Amino acid sequence: MGKHVFCTDLCHQRGEPLAGTGDAPQRALLLAWSRSKWRTPRWESSDMSPELRAVIYDAAMAGLYVGLIDKVETDVPLPTLHAQPENVYATFEHEPDLIAAIRDYVEGRMFEGIQDTRSTIICCTDSRRDACCARYGFSTYKALVAAADPARFNIVQCTHIGGCRFAASLVVMPARQRYGRMTAAHAPAFLGALDRGEIYLPTYKGRSDHPEPAQVAELAALNWAAEHGQRLDAVPLHGAIPEHADEGAELTLEADLPGTHLAIRLQARNFLVQGNCDTVAEGGGQTMLRWCLDTITAEPIRT
């Protein structure tokens, strides 16, 4: 048997950028379920009744993200269900009540629960979905748990959240921030930035709900600002983004920072994308056009 080739390693070697892949689910339900019982697809996990499987499947088909979560390092059980971005959780003694809560949430009705004041950090450790999530995700998860203040952060390991090739993959809720290529070494600085209400730029993927070029350009502007002593939460951009582009296409987006005007030039490049380790092993993959940072030109704003 040949040596396992990890999709995360290949993605990094090919130079595919992390920036621009920041979409996070708009609404999510996190269901406490032992990691040892996770299966793919998640609604076929062990010890689920047919009724629970059916309601999770229906929720997924309706476009809702339902993640199974666990927290093995503590004896305190997780609440049964946690809704995001509402950040409300509840424990259900009887399964019919849990199923009704999931169904209600899918239909836009919030179940009764307790408001959580902490940020929830969802770290994908789903070895059933991809080996990279286990290899990189679990070590990152353990480092975050060891470094975090549990009164400030609720850190859980979770089933597949997307972006296996950028493992370790994380989502911070309710802020809907996506991070990738996280390692254990990032944990203290990452938590420190979140505690200050800041984006952690070294592993940030981009702003959810923005098109890829805008994510890339804004992140470039945020990094430029940080390198020049400015800490910003957001950067408004100017410029038209094309609906379609071919490899080699260029695009310039502009941004006004305090005292400085930035012209951010992007270039479209094709990458061979193999989204998980199974695709690598099978020799599959697809060519994907990605927008990459080319140059940043800075000019003083004249007043």
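Hydrogens, waters and symmetry mates play no part in the numbers below; they use all other heavy atoms, side chains included. Treat the numbers as computed from the prediction; the structure is a model and nothing was measured.
Sparse packing is recorded around OH of Y57, with 12 or fewer heavy atoms of other residues, nucleotides or ligands lying under 6.0 Å away. Summarising the local packing, CD of E107 is surrounded by more than 12 heavy atoms from other residues, nucleotides or ligands at distances under 6.0 Å. Q115 CD: more than 12 foreign heavy atoms inside a 6.0 Å radius. Within 6.0 Å of CG on D149 lie more than 12 heavy atoms contributed by other residues, nucleotides or ligands.
Partner of Y136 under the side chain to side chain donor-acceptor pair (under 3.5 Å) criterion, out of D9, T183, T8: D9 alone.
In this structure, R178 is not positioned above the aromatic face of F166 in the sense of NZ or CZ being under 6.0 Å from the six-membered ring centre and within 45° of the axis.
Classification of D126 and R42 as a salt-bridged pair fails, no side-chain N sitting under 4.0 Å from a carboxylate O.
Pairs engaging residues 276-298 under the side chain to side chain donor-acceptor pair (under 3.5 Å) rule: E16-R290, E212-R290, R265-D294, N276-T279 [sequence neighbours left out].
Of all heavy-atom pairs spanning H4 and C277, the tightest one is NE2-SG, 3.4 Å. In terms of heavy atoms, T159 sits closest to Y65 at O-OH, 3.3 Å. The two residues V216 and A19 have their closest heavy-atom pair at CG2-O, 3.6 Å.
In this pair, Y200 and Y179 present their aromatic rings tilted. The plane angle is within the 30 to 60° band. Below 30°, between 30° and 60°, or above 60°: for F111 and Y105 the angle between ring planes is between 30° and 60°, a tilted geometry.
For the pair E86 (side chain) and M110 (backbone), a donor-acceptor distance under 3.5 Å is absent.
Taking NZ from K205 and CG from L219, the interatomic distance works out to 12.0 Å, rounded to the nearest 0.5 Å.
Residues C132 and R165 are not in side-chain contact: their nearest non-hydrogen atoms beyond the backbone lie 4.5 Å or more apart. At least one side-chain heavy atom of L31 sits under 4.5 Å from a side-chain heavy atom of I56.
With hydrogens and angles left out, the side-chain atoms of H210 and D23 include no donor and acceptor closer than 3.5 Å.
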Solution key, residues 225-238 side-chain donor-acceptor pairs under 3.5 Å, sequence neighbours excluded:
from: H228; atom 1: ND1; to: W224; atom 2: O; distance (Å): 2.8
from: Q230; atom 1: NE2; to: P258; atom 2: O; distance (Å): 3.3

